[in-house]
Each structure stands twice: as structure tokens, then as C-alpha cells.
Amino acid sequence: MIYEYEKKSSYACPRSCKFDRFIRLHINCLVTCCREGKKYTADKKNMEKKKKKNKQQQQIKGSKSGKSIMSTVSPSLSFFLHLLCGLGLASAVWMAQNVYSINLIANPAQTLRLIWVIESPITILLYSLLRQNPNQCSYLKAVGRGLLGLPAGAVLNALGAIALGAPVGIQYFTKTLNWSLLMSTFTFVPVACVFGSSWTDWQRIFAQRKTFGSMDYMICLSAHGAIIGAWFGAWPMPLDWERPWQEWPISVSYGAMGGYLLGMVASFIFVVFRGLPQQVKGD
């Protein structure tokens with residue numbers, strides 16, 4: 001019966017119908033093959049994306065662990081570093097008043113120049129000892145980075161001060177120049193000595209992102225303390241008290257130095273409290 005049905009159907013259908021069936025079968029086969037090929041390529045792309053994500057996560061974890069190891073500083077080392085920087089600042093102010101008979105109110109430009117000339121070498125030499133990746137970066141290279149960061153930071157600090165309302169003119173040029181060099185010593189020089197030109201580290205320090213170790217606290221809090229102190233020091237300037245210390249950049253300099261010292265004290269406290277849990281876990 002089946003043979004007769006096939007015979008009748010083949011006899012009844014013309015050759016064109018068989019050809020159409022043959023083409024349809026091939027088209028269906030091609031469509032299914034294309035669909036399976038697309039699925040295969042899509043799955044392959046997804047697998048490659050997953051592999052890339054896994055590699056990136058592993059690299060991020062490795063960099064974080066490496067940075068946390070490199071940026072760990074003991075409380076005693078943090079204390080001595082901040083102590084030397086604070087003594088350098090205090091000795092510069094003392095020398096200005098007792099040796100050269102100048103002060104910020106009477107001679108702001110000369111006093112600021114003396115302070116940053118004494119403070120900047122101390123900061124560069126000390127923070128270069130704590131450079132990141134000491135096997136790849138020598139001590140002299142870190143010192144060179146600090147020397148390059150001093151004028152670069154001064155330019156940015158001067159532009160920021162002018163943008164926020166600092167007076168502009170020939171009579172204010174030396175004052176603004178020496179003040180910006182002092183602010184660069186407080187803010188840019190430590191980061192340049194320790195981290196160099198690493199944009200991620202600069203962004204983490206100045207954008208107040210997540211910190212990885214005690215070194216970040218040492219640099220971040222002292223730099224932000226100087227900036228916030230200078231900002232608070234600028235408040236009395238527009239008031240009509242008619243006092244000599246209200247002129248640019250006397251009150252701003254006092255505020256920056258006070259904020260810098262408070263930032264160093266706060267960073268030391270953070271380093272001490274950060275080291276306590278690590279000692280407990282080690283025990």
C-alpha cells in the first residue's frame with residue numbers, strides 16, 4: 001500500500017514539485033545551520049567576555065593586594081616622618097623671626113620663600129624613602145619626581161587660587177608664587193615622591209576614594225588638611241576689619257600651615273588605629 005501511494009504521488013506530481021521540495025529542504029538546512037552558527041558564535045563571545053572579566057578582576061585583586069603591602073607604614077615610622085616635617089616647618093618659622101627678622105605680616109613673600117625652601121627638601125628626602133615599588137624606582141628617581149612635582153603643583157595651586165578670587169597683579173606675583181610653592185610642598189610633592197605619575201593613585205588620594213593602606217592616610221589627610229586650612233584662612237580676607245593680616249596671602253598661609261599640622265596629627269591617629277586590628281589578628 002505504501003509503495004502504491006508513493007508511486008501514485010510521484011506519478012501525479014510533476015518534476016517541478018520535486019525540485020521545489022529539494023530546494024526547500026536545502027533552504028531549511030541552511031537556515032538551521034545559520035542559527036546554530038549564530039548560537040555558537042554568541043556563546044563563544046560570551047565565554048570570551050567572561051574570561052576577560054575574570055582576568056580583570058584578578059588583576060584588580062592583585063594590584064590591590066600589592067598596593068596594600070607596599071603602602072603599609074608602621075606607626076613609629078609615621079610618627080618620626082611627621083615629626084621631622086613638623087620640626088622643619090617650625091624651624092623655618094623660627095629662623096624667619098629670630099635670624100632674618102621677618103614675618104608673614106610684614107614680609108609675606110620673603111617669609112614664605114624661606115619656609116618652602118627649608119620645608120620642601122625635607123619633604124622630598126623623607127617621602128622618597130617611602131616610594132612605591134622600590135625595586136623598580138630608585139631613591140634618586142623618587143627625589144627627581146618630587147623636584148618635578150614642586151613647580152607643577154605650584155602652577156595648579158596658583159591657578160586654583162586665582163580662580164577662587166586671589167588678587168592678580170605685579171605686586172602680588174611674588175606672594176602668589178611663594179605661597180603656591182609652599183602649598184605644592186604640602187600637597188603635590190609627597191604624592192609625586194611616593195607614587196610618581198600613576199593617575200589611579202593621584203585620583204585615589206585627591207578624590208577621597210577608598211584608601212588601601214597607612215601611606216594613603218599619611219598623604220591624603222595632611223594634603224587635605226592644608227587645602228581646607230587655606231580655605232578657612234581665606235574667610236577673614238573680605239571682612240572690613242582693616243587688619244594687616246587680612247591681606248593676601250597672610251591669613252591663607254597661616255590657615256594652610258595650621259591645617260597641614262592638624263592633618264599630620266590626624267593621619268598619625270588613623271595609622272595607629274589601623275594597625276591595632278592587624279596586630280590582634282596576627283596574635
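For the single chain, residues carry numbers from 1 onward in sequence order. Note that the structure is a prediction, hence the values are computed from the model and not measured.
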Approximate separation, where rounding is to 0.5 Å, of [X] [atom1] and [Y] [atom2]:
X	Y	atom1	atom2	result
Ile250	Arg243	CD1	CZ	13.0 Å
Thr111	Ile102	OG1	CD1	4.0 Å
Ile115	Leu104	CD1	CG	5.0 Å
Thr123	Ile118	OG1	CD1	11.5 Å
Leu114	Gln97	CG	CD	11.0 Å
Phe270	Cys220	CZ	SG	9.5 Å

Atom pairs and distances, side-chain donor-acceptor, residues 158-177, under 3.5 Å, sequence neighbours left out:
| from | atom 1 | to | atom 2 | distance (Å) |
| --- | --- | --- | --- | --- |
| Thr176 | OG1 | Tyr172 | O | 2.9 |
| Thr176 | OG1 | Trp248 | NE1 | 3.0 |

[X] and [Y]: which non-hydrogen atoms are nearest, and at how many Å?
X	Y	answer
Ala256	Met183	CB-SD, 3.5 Å
Met218	Leu130	CE-CD1, 4.3 Å
Met257	Leu182	CG-CD2, 4.4 Å
His224	Ile205	CE1-O, 3.1 Å
Trp202	Gly196	NE1-O, 2.6 Å

Side-chain heavy atoms of [X] within contact of [Y], under 4.5 Å:
X	Y	value
Asp201	Val191	no
Met237	Val252	yes
Leu112	Pro249	yes

Same hydrophobic cluster for [X] and [Y], using side-chain heavy-atom links shorter than 4.5 Å among ILVMFWY?
X	Y	value
Met264	Val93	yes
Ile122	Val194	yes
Tyr254	Trp179	yes

Expected output: side-chain [X] to main-chain [Y] donor-acceptor under 3.5 Å:
X	Y	result
Ser198	Phe195	no
Asn133	Asn135	no
Gln246	Pro238	no
Ser251	Gly233	yes
Asn107	Gln110	no

Task: Steps toward side-chain contact (heavy atoms from CB on, under 4.5 Å) verdict (Glu119, Tyr260) - done: CA-CA 12 Å; Glu119 182 68 16; Tyr260 179 67; 4.0 Å; yes

- [ ] Take Phe188 and Phe206 through the ring-ring contact (aromatic ring centres under 6.0 Å, His included) test and state the conclusion after the steps.
- [x] CA-CA 10 Å; Phe188 277 72; Phe206 289 105; 5.6 Å; yes

Scan the side chains in residues 136-155 for donor-acceptor partners under 3.5 Å anywhere in the protein, sequence neighbours excluded, and list what turns up.
| from | atom 1 | to | atom 2 | distance (Å) |
| --- | --- | --- | --- | --- |
| Ser138 | OG | Lys141 | N | 3.3 |
| Tyr139 | OH | Leu125 | O | 3.0 |
| Arg145 | NE | Ala192 | O | 3.3 |
| Arg145 | NH2 | Cys193 | O | 2.9 |

- [ ] Take Phe186 and Trp116, measure what ring-ring contact (aromatic ring centres under 6.0 Å, His included) needs, and give me the verdict at the end.
- [x] CA-CA 9 Å; Phe186 293 157; Trp116 74 259; over 10 Å; no

Open item on the list: Students often mix this up, so state it plainly: with edges at 30° and 60°, are the rings of Phe232 and Trp235 parallel, tilted or perpendicular?
Closed with: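 Tilted, since the angle between the ring planes falls between 30° and 60°.
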
Open item on the list: Assess the residue pair Ser184 and Val189 against the criterion (side-chain contact (heavy atoms from CB on, under 4.5 Å)); give the C-alpha distance rounded to whole Å, side-chain angles, the decisive distance to 0.1 Å, and a yes or no.
Closed with: CA-CA 6 Å; Ser184 180; Val189 170; 4.2 Å; yes

Only distances under 3.5 Å count here; give the side-chain donor-acceptor pairs of residues 74-87 to other protein atoms, sequence neighbours excluded, each with its distance to 0.1 Å.
| from | atom 1 | to | atom 2 | distance (Å) |
| --- | --- | --- | --- | --- |
| Ser74 | OG | Ser76 | OG | 3.3 |
| Ser74 | OG | Leu77 | N | 3.3 |
| His82 | NE2 | Ser267 | OG | 2.8 |

